[in-house]
Enquirer: 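Once you've had a glance at the structure underneath, I'll fire off some questions.
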Protein chains: 2
Amino acid sequence: MTNIVLCPNLSNMASVKKEQVSKVSAEEKILSAARKLFTERGLHAVKTRDIASEAGINLALLNYYFRSKEMLYARVMSENLTGFKRSVSDLFGNENMDLFEKIEHLSELYFLEFGSNPELLLFIFNTMHQNPELFLDGDGMQQSRMVLFKQIEDLMKKKKIKKMHPAHVMMNLMSMTMFPYLMFPFIKQRAKLDDAQMLALLKDRVTLIPEWMKLILKP
Amino acid sequence: MTNIVLCPNLSNMASVKKEQVSKVSAEEKILSAARKLFTERGLHAVKTRDIASEAGINLALLNYYFRSKEMLYARVMSENLTGFKRSVSDLFGNENMDLFEKIEHLSELYFLEFGSNPELLLFIFNTMHQNPELFLDGDGMQQSRMVLFKQIEDLMKKKKIKKMHPAHVMMNLMSMTMFPYLMFPFIKQRAKLDDAQMLALLKDRVTLIPEWMKLILKP
DNA sequence: GTCTATAGACGGATAGAC
DNA sequence: GTCTATCCGTCTATAGAC
């Protein structure tokens, strides 16, 4: 996988002083190997030896750079989560975007994030169950979700929809956008699809989901 | 990894006649401790010593009854999965039940199964990703799903819905029924609900989901 | 910075007493 | 059937050469 080492250009060795050109550092090789393995198998099923050999470096280097396996895990986890939480928060909190437009952007965000890495979502849920404290909202996220929630409540009030709790709308949105990525291997196998067809289906959902959400919100 | 072979339990069928009277046998104590811990944390995060102490028995007994940790795991997994797969298959395959009635029964089935044990669904998905071979359908399931799928296709043909793949209907159904159980801890915390309120919400969905599915299928 | 070699702890499994 | 004691491989972490 990621062991792409760009060959330094032999004709101008002199200019290689600052490293922009060439090798991925050992630290980065370890990080990306760890990200891959931890995300696929979790903390305990992955041994430091696995990471070292996947990264093509020596076992001792892992401790040299990251002190311990746990610290490396924490680092990977934090990187996996923060970028993701940030983009969702920004989207939810946008006061000037229409609800259904927001829903479409959310679908697309997930498609980009999870379509290329179906294991990540499962990893996130495992983390959420095992280390819920990592998901305690910062002020930013809390406020952002309020914005989205208010948009939903306003719409329901306007449409006079009273018989269901607004949380159901939120659950349905989350379910329809995220769950298919968890079912990825399952659906692929059952429907006898290859990766490309599967991705095409998931991409269709980016525009279909807002339509379904409209239907659910307009009885 | 090691070949986990699902072995139907033949070992203690005969011995069940005794014991109604009093104490739970050591074997059962181990099984229920293992079920709890494996379901919560997975195979590798659980140590045999954890199981022994949770069960209140000695470490050696675990091997005495189950030969090895992995065999115990396989046993627990098999018990978790087979009952569940069976009831879904029976429901899907019922030729005489209307599609939306079937959807309502499915919602209810999941409510009963996962409402009382939110960790189980996550466990199932982890297993699905790590040991997909355990989910290869028997003939029964394969045929059952065909029955359901045909009902969906027939309805879509009748309603002249052409712009979406029938698989989306299946994905939406699965998403809306199952995903909220995965989000359980998340939703509870965000919406500041207690367990009872949360369960009430999930129970509402049993009747709401068929209605939403109707809306999605009737543009 | 990167390697080899190894210390030291942990965890699964078993021998053997009762 | 149930226990204690222990074996032995595996794993993380580190010492020390280069």
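Quick note on labels: first sequence line is chain A, next is B, and so on, each numbered from 1. Because the structure is predicted, anything quoted here is derived from the model rather than measured.
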Enquirer: Run the side chain to side chain contact (heavy atoms under 4.5 Å, CB included) test against B/A45 and tell me which residues pass, sequence neighbours left out.
Expert: A/H44, B/R41
Enquirer: Could you list the donor-acceptor pairs under 3.5 angstrom formed by side chains in residues 182-193 of chain B, with sequence neighbours left out?
Expert:
| from | atom 1 | to | atom 2 | distance (Å) |
| --- | --- | --- | --- | --- |
| B/K188 | NZ | B/D195 | OD1 | 2.7 |
| B/R190 | NH1 | A/D137 | OD1 | 2.7 |
| B/R190 | NH1 | A/D137 | OD2 | 3.1 |
| B/R190 | NH2 | A/F135 | O | 2.8 |

Enquirer: Considering non-hydrogen atoms only, spot the tightest contact between B/Y65 and B/A26 and give its length.
Expert: CE1-CB, 4.0 Å
Enquirer: If you compare all heavy atoms of A/M71 against all heavy atoms of A/F66, which two are closest, and at what distance to 0.1 Å?
Expert: CB-O, 3.3 Å
Enquirer: Sub-3.5 Å donor-acceptor pair from the side chain of A/S144 to the main-chain atoms of A/G140, do we have one?
Expert: yes
Enquirer: Work out which heavy atom in A/M176 is nearest to a heavy atom in A/I216; give both atom names and the distance.
Expert: CE-CD1, 4.4 Å
Enquirer: Atom CG of A/L37 and atom P of D/dC11: how far apart are they, to the nearest Å?
Expert: 14 Å
Enquirer: With a 3.5 Å cut-off and sequence neighbours excluded, list the donor-acceptor pairs that the side chains of residues 105-112 of chain B form with protein atoms.
Expert:
| from | atom 1 | to | atom 2 | distance (Å) |
| --- | --- | --- | --- | --- |
| B/H105 | ND1 | B/E101 | O | 3.0 |
| B/S107 | OG | B/I103 | O | 3.0 |

Enquirer: Reading DNA chain C in the 5' to 3' direction, which nucleotide is the first one with an atom under 4.0 Å from a heavy atom of chain A, and which is the last?
Expert: C/dG1 to C/dT4
Enquirer: Rounding to a whole Å, what distance do you find between B/R49:CZ and D/dT10:C1'?
Expert: 13 Å
Enquirer: List the residues meeting side chain to side chain contact (heavy atoms under 4.5 Å, CB included) with A/E70, not counting sequence neighbours, and say none if there are none.
Expert: A/L43, A/S68
Enquirer: Specify the residues of residues 62-69 of chain A, ordered by number, for which at least one heavy atom lies under 4.0 angstrom from an atom of DNA chain C.
Expert: A/Y64, A/Y65
